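The residues of the chain are indexed from 1 along the displayed sequence. What you see is a predicted model, and the numbers here were worked out from it, not measured in a lab. The analysis underlying the following values was restricted to heavy atoms, covering all of them including side chains, and did not include hydrogens, waters or symmetry mates.
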Amino acid sequence: TLPSYLCTLPSREIDLSSQNFVSLTTATFPCLDTYRKVTLTGNQMTTARTSSGNFSTLEWLDLSSNNLTEIPVTLLRPSPSSL
């Protein structure tokens, strides 16, 4: 689980590449909907499950170089128009 102070970063960008995350969930990343740019490349994620959120600020989500076989539609619902 990420420390709560990361949810208040003023840059609204976070790079958590190569940190050995195995899943993207609301519990492990509770404030995904507050960021503009999220980079999670090179982790070992096999699942991405989050509650439906308001991702209207999300412009960039990089999940490349993980072990994901699918991305649930709930991750991007409602769809951000800028993603």
May I ask you to test the L24-L63 pair for a side-chain heavy-atom distance under 4.5 Å? yes
Non-hydrogen atoms of Y5 and T8 that approach each other most closely: O-OG1, 2.8 Å
From S23 atom OG to F29 atom CZ, the distance as rounded to the nearest 0.5 Å: 12.5 Å
With a 4.5 Å limit on heavy-atom distance, are the side chains of R12 and T34 in contact? yes
Min side-chain heavy-atom separation M45-L40 under 4.5 Å: yes
Results of side-chain contact (heavy atoms from CB on, under 4.5 Å) for S17 - residues two or more places apart only: D15, T39, T41
Taking the side chain as everything from C-beta on, heavy atoms only, tell me whether V38 gets closer than 4.5 Å to L58. yes
Nearest 0.5 Å, please: how far is CG in N43 from CG in N67? 10.0 Å
Transitively linked via ILVMFWY side-chain contacts under 4.5 Å: F21 with L6? yes
Side-chain touch L9/I14, heavy atoms, less than 4.5 angstrom: yes
Once side-chain contact (heavy atoms from CB on, under 4.5 Å) is applied, do any residues pair with S65, and if so which ones, sequence neighbours excluded? none
Hits for side-chain contact (heavy atoms from CB on, under 4.5 Å) against P10, two or more places apart or cross-chain, chain-then-number order -> none
Are Y35 and L61 packed together at the side-chain level, in the sense that at least one heavy-atom pair is separated by less than 4.5 angstrom? no
